2 protein chains.
Amino acid sequence: MALHSFSTRPLYLQVRDKLAERIAAGQWKPGKFIPNESDLAREFGVSLGTMRRALDFMQEEHLIARRPGRGTFVNDPASDGLLNRFSKICDADGKPLIGRVETTNLIEGRANKAECLRLQLSGQDAVWRMCRTRFYKEQAFMHEEVFLPAKLFPNMDDRSTNRIVALAQQHGVLLGEAHERISMGEVSPQAAETLDIGKGSPIILLDRVVHTINGQPAEWRVGQCRLAPNYYLADMR
Amino acid sequence: MALHSFSTRPLYLQVRDKLAERIAAGQWKPGKFIPNESDLAREFGVSLGTMRRALDFMQEEHLIARRPGRGTFVNDPASDGLLNRFSKICDADGKPLIGRVETTNLIEGRANKAECLRLQLSGQDAVWRMCRTRFYKEQAFMHEEVFLPAKLFPNMDDRSTNRIVALAQQHGVLLGEAHERISMGEVSPQAAETLDIGKGSPIILLDRVVHTINGQPAEWRVGQCRLAPNYYLADMR
DNA sequence: CCAGATTTGTTCGTATGTATC
DNA sequence: CGATACATACGAACAAATCTG
């Protein structure tokens, strides 16, 4: 395999990169079991412990799941457990807000200053721009402006642009960390209309950047949210 | 050491429990180096790998930090890096809001229904109640109501009640996860006065429960926050 | 600046326990 | 019950970072 040659990066991370590549390329499908630890270790020419460490790492990243006695399988990013990974809004019962999503105004253009800053793009890179409206029980509660680096999402059509997790999956992009800035503001005229609230009403602003597992920005979203009677749930360690 | 006897709990977790106990008891002081891996493994009668796993686990929990070539030392929960672990509000530059904190109205009482629910108390447990006001650049931006289980914090005086991290450290309580519910509401009359804003103004509500490393609720806080021009930063994986 | 000692980080190999089918 | 696969535990060796004399 010629791993661990000409590289100072730890071997278990090199193995993880190779394994993640297979998942991203669709060589290993979501929900399907992958070969067991021993076979993988043999194939990659590393020890069982090193392979185990790579797999543990990928489990932390939500790329795979491991079940004693059964095996290791590829996680489906669009499954119930991961679909709302980056949507932290819950209803009064603590359940995630699952509902319809509408996408409009999908267009391509050159990145402006703000997009370059938030998506770490340089100069003349292309971006996709679109709007989304999120519904819960058929009532709109969030209006979003979304920006995607065209480099990561070429040949975009208007199917399944609704959720970043599904979009990323279709384009072979594996998602890692996300950071969201929550603040208060006044609703924009356009958002006021879609949310059906008075002009200049106080609103929650959700400014979020989702990164790939390699740390590259994959989506910038600015949401205007009529939060009540729901709440945003933040976890800390 | 009679570890791993009469217990199905993994050995490395039993070791972690023992080590955490020493830190909680003050036997190992914050900022001080602890014995090296080999000596600890020998002392506890476990292999180097098992001790390493226990230490890795504790590093994830922010209990210790490890430096190649130097050693392993106990983290100070009140140090710069950890002081704002549960305070996710940043100023426009992304820096955490560090400022004065005032505590008032410290009293003890029996837990009411809401306190029982949020702090997982039963029946007749005692709680401490207090109010806090947080300042940034000498301007009040958050009014808090705080509830603590008296079981974890006996003999409370009014020194250093300002921050849960300092309070926990003084009482030998090690903190783990926290969960915060963020919502919008109208400011209460009392909070409106301390924050110097109009009655009934829209406000950010921060409802947070901090747990010990063993998962036991250690603090319930309900904050009313004049967020602008700052923002709340939520991280996701 | 260097050589050597110390400590954590990585990698290997092996054996045994536990969960699932 | 046996076969399979992941989980835990042990032991050993070398590499990389740090400090000291």
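Naming: A, B, ... by sequence-line order, numbering from 1 per chain. Everything quoted here is computed from the prediction, not taken from an experiment.
Close to C:dA19, at under 4.0 Å from its OP1 or OP2, lies no side-chain N or O of A:Arg67. Phosphate proximity of D:dA5 to A:Thr72: absent, as no side-chain N or O sits under 4.0 Å from OP1 or OP2. Applying the 4.0 Å criterion to OP1 and OP2 of C:dG9, one finds that B:Arg66 has a side-chain N or O inside that range. Taking only side-chain nitrogens and oxygens, A:Thr50 never comes nearer than 4.0 Å to OP1 or OP2 of C:dT10. One finds a side-chain N or O of B:Arg70 lying less than 4.0 angstrom from the OP1 or OP2 phosphate oxygen of D:dC19. For the pair A:Arg52 and D:dA7, the criterion of a side-chain N or O lying under 4.0 Å from OP1 or OP2 is met.
With respect to the salt-bridge test (charged N to carboxylate O, under 4.0 angstrom), the residues B:Asp56 and B:Arg66 qualify.
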Exercise. Does the side chain to side chain contact (heavy atoms under 4.5 Å, CB included) test come out yes or no for A:Met142 and A:Arg132, once each step is laid out?
Worked result: CA-CA 8 Å; A:Met142 180 146 64; A:Arg132 292 199 202 111; over 6 Å; no
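Side-chain proximity of A:Pro68 to the nucleotides C:dA19, C:dT11, C:dG9 is greatest for C:dA19.
When the C1' atom of C:dT10 is taken as reference, atom CG of A:Leu48 falls 15 Å away, rounded to whole Å.
A cation-pi arrangement is present between B:Arg181 and A:Tyr231 under the rule of less than 6.0 angstrom and at most 45 degrees off the ring axis.
The CD1 atom of A:Ile23 sits 14.5 Å away from the NZ atom of A:Lys18 when rounded to the nearest 0.5 Å.
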